[in-house]
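What follows is a single structure, written as C-alpha cells, with notes after it.
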Amino acid sequence: MSELDKATSTGPEEVPKRKAFIPLECNPEVMTNLIHKLGVSDDLAFHDVYSIDDQDLLAFIPRPAYALLLVFPVTKLYEEFRIKEDEPLEEYSRSGDAEPVVWYKQTIKNACGMMGLLHGVSNGDARGFIKADSQLASLLKEALPLKPLDRAKLLETSAALESAYQTAAAQGSTEAPDAEADVDLHYICFVKSDKDQHLYELDGGRKGPLDRGLLEPADDVLSEKVLDVVRGFIKRENEAEGKNLNFSLVALAPSLE
C-alpha cells in the first residue's frame with residue numbers, strides 16, 4: 001500500500017474519516033470469486049504467474065491474458081520514484097469516449113486490490129465478459145461518463161460493490177488485517193487498451209493512467225514487451241534494496257474450467 005493508500009485524517013473535527021476496506025489477499029481463487037459475484041462471466045479467471053522468465057511455467061496460463069496484476073512491497077525507492085514520475089504530470093480528467101482506458105481514482109483506504117481488479121475487468125477485451133444484467137455492468141455504465149473524483153465517489157457509495165468485496169476479502173487463506181491497518185503491499189494493474197493498442201499501468205493512487213508504450217496487435221499482457229516492463233520494475237526495486245523482494249503476479253485470462 002502506497003502512502004496515498006493510507007488515511008490522511010488529522011482529527012475527527014478536521015477531516016471526515018476516510019472509508020476503509022479490508023485488504024485483499026493476493027489469491028486467484030478469492031479474486032475470481034469476487035469478479036464472478038460482481039457479474040464477470042465464468043469464462044474468465046485469475047491465475048498465478050509463477051515465473052516471467054520460464055516459458056514452461058508461462059505456458060500453463062491460458063491465453064490471451066487480458067490483465068496483469070503486480071503486487072509488491074512499498075519501499076522508500078518506490079515512493080521516491082512515484083513522486084518524481086508524477087510531478088510533471090497533470091491530474092487526469094478524462095471520461096467516457098475521451099479515455100484510452102478506464103481509470104479509477106482510489107479514495108478508499110486499503111482498496112488497491114479492488115482497484116486492480118476493477119481496472120482489469122473494465123478495460124480491453126475483458127470488458128466484453130461482463131454480463132449485461134450484472135451489478136458490474138450497471139456500475140460501469142454509471143461510471144464511464146463521470147470525471148475521476150465523481151467516479152471515485154460512485155465506488156465509495158456502491159453498496160453492491162462493498163458487499164461483494166467484503167465477502168471476498170474475508171475468504172482468504174490467511175487472517176485478514178483490520179480495515180484500518182497500514183499494509184505495506186500495493187497492487188497495480190497492466191492492461192492493453194483496445195483503443196490505441198498501448199500498454200497502460202493503472203494505479204488509483206497515481207495522477208492517472210501511465211502509458212508504457214505501444215504493443216503489437218497480437219501482443220497480450222504476457223507478451224515479452226509487457227514482461228520487460230515488469231522485469232524492469234522488479235529489477236529496480238530489488239537492486240535498490242539489495243535483496244529479492246516479495247513480488248506476486250496474477251493474470252486475468254480464460255478459465256481452465
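Quick note: residue numbers are just sequence positions, from 1.
- A salt bridge links R231 with E224: at least one charged nitrogen is closer than 4.0 Å to a carboxylate oxygen.
- Residues forming a side-chain hydrogen bond (donor to acceptor under 3.5 Å, both in side chains) with E99 (at least two apart in sequence, or on another chain): Y92, R151.
- D220 and S223 get closest at one heavy-atom pair: O-OG, 2.9 Å.
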(request) Go through the steps to decide whether Y66 and F129 satisfy the test ring pair (Phe, Tyr, Trp, His ring centres under 6.0 Å), and finish with yes or no. (result) CA-CA 11 Å; Y66 301 108; F129 289 87; 5.6 Å; yes

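- In terms of hydrophobic clustering, with Ile, Leu, Val, Met, Phe, Trp and Tyr side chains grouped at heavy-atom distances under 4.5 Å, L249 and L57 are assigned to different clusters.
- Using modelled atom types, no side-chain atom of H198 and backbone atom of S193 make a donor-acceptor pair closer than 3.5 Å.
- Side-chain contact check for R94 versus P100: some heavy-atom pair is nearer than 4.5 Å.
- Counting heavy-atom neighbours within 6.0 Å of K195 NZ, excluding the residue itself, gives a total above 12.
- Under the 4.5 Å side-chain criterion, counting only non-hydrogen atoms from C-beta, C189 is in contact with L69.
- Salt bridge present: R82 and E79 bring a charged side-chain N and a carboxylate O closer than 4.0 Å.
- A donor-acceptor contact shorter than 3.5 Å is absent between the side chain of H36 and the backbone of A45.
- Using cut-offs of 30° and 60° on the angle between ring planes, the pair H186 and F72 is perpendicular.
- No path of Ile, Leu, Val, Met, Phe, Trp and Tyr side chains, each step under 4.5 Å between heavy atoms, connects V101 with I35, placing them in separate hydrophobic clusters.
- By the criterion of side-chain heavy atoms lying less than 4.5 angstrom apart, applied directly or through intervening Ile, Leu, Val, Met, Phe, Trp or Tyr residues, V121 is grouped together with L38 in one hydrophobic cluster.
- A side chain to side chain contact (heavy atoms under 4.5 Å, CB included) with L161 is found for exactly one of L154, L34, L136, L118, namely L118.
- Inter-residue side-chain proximity for E201 and V229 is flagged as unmet; no heavy-atom pair is nearer than 4.5 Å.
- Aromatic ring pairs are classed by plane angle as parallel below 30°, tilted from 30° to 60° and perpendicular above 60°; the pair F233 and F247 is perpendicular.
- Considering all non-hydrogen atoms of both residues, G120 and A67 come closest at CA-CB, 3.6 Å.
- Residues K225 and K192 form no side-chain contact, since every pair of their non-hydrogen atoms from C-beta on lies 4.5 Å or further apart.
- The shortest side-chain heavy-atom distance between I108 and M114 falls under the 4.5 Å cut-off.
- Judged purely by atom type and a 3.5 angstrom limit, D48 has no side-chain atom pairing as donor or acceptor with the backbone of Y50.
- Contact detail for N246 and P73: the closest heavy-atom pair is O-CD, 3.4 Å.
- Within the 4.5 Å cutoff, side-chain heavy atoms of I130 are placed close to those of R127.
- No chain of hydrophobic side-chain contacts below 4.5 Å, direct or via other Ile, Leu, Val, Met, Phe, Trp or Tyr residues, connects L202 to L227.
- Side-chain contact between C26 and V250 is present, with heavy atoms from C-beta onward closer than 4.5 Å.
- Judged by distance alone, the side chain of W103 and the main-chain N or O of S95 form no donor-acceptor pair under 3.5 Å.
- Scanning both residues, P62 and L256, for their nearest heavy atoms gives CG-CD2, 3.4 Å.
- Going from atom CE of M115 over to atom CG of N110 covers 13.0 Å, rounded to the nearest 0.5 Å.
- Seen from the ring of F81, R236 counts as a face-on cation partner, given the 6.0 Å and 45° thresholds.
- The closest donor-acceptor contact from the side chain of K147 to the backbone of S93 lies under 3.5 Å.
- Closest of all the heavy-atom pairs between K207 and D86 is NZ-O, 3.0 Å.
- Between S51 and D54, the shortest heavy-atom contact is OG-N, 2.8 Å.
- The hydrophobic cluster containing L139 does not contain L149, counting ILVMFWY residues as joined when their side-chain heavy atoms lie under 4.5 angstrom apart, directly or transitively.
- Remark: K19 NZ to E162 CD distance equals 3.5 Å, nearest 0.5 Å.
- Note: L185 CG to E25 CD = 11.0 Å, rounded to the nearest 0.5 Å.
- For the residue pair E156/T107, the side-chain donor-acceptor check at 3.5 Å is satisfied.
- Under a 4.0 Å N-O distance rule, the pair R212/E85 qualifies as a salt bridge.
- Open room surrounds CG on D97; 12 or fewer heavy atoms of other groups in view lie less than 6.0 Å from it.
- With values rounded to the nearest 0.5 angstrom, L117 atom CG is found 8.0 Å from L252 atom CG.
- Remark: F190 CZ to L222 CG distance equals 12.0 Å, nearest 0.5 Å.
- Here CG of L215 is found 10.0 Å from OH of Y200. Values are rounded to the nearest 0.5 Å.
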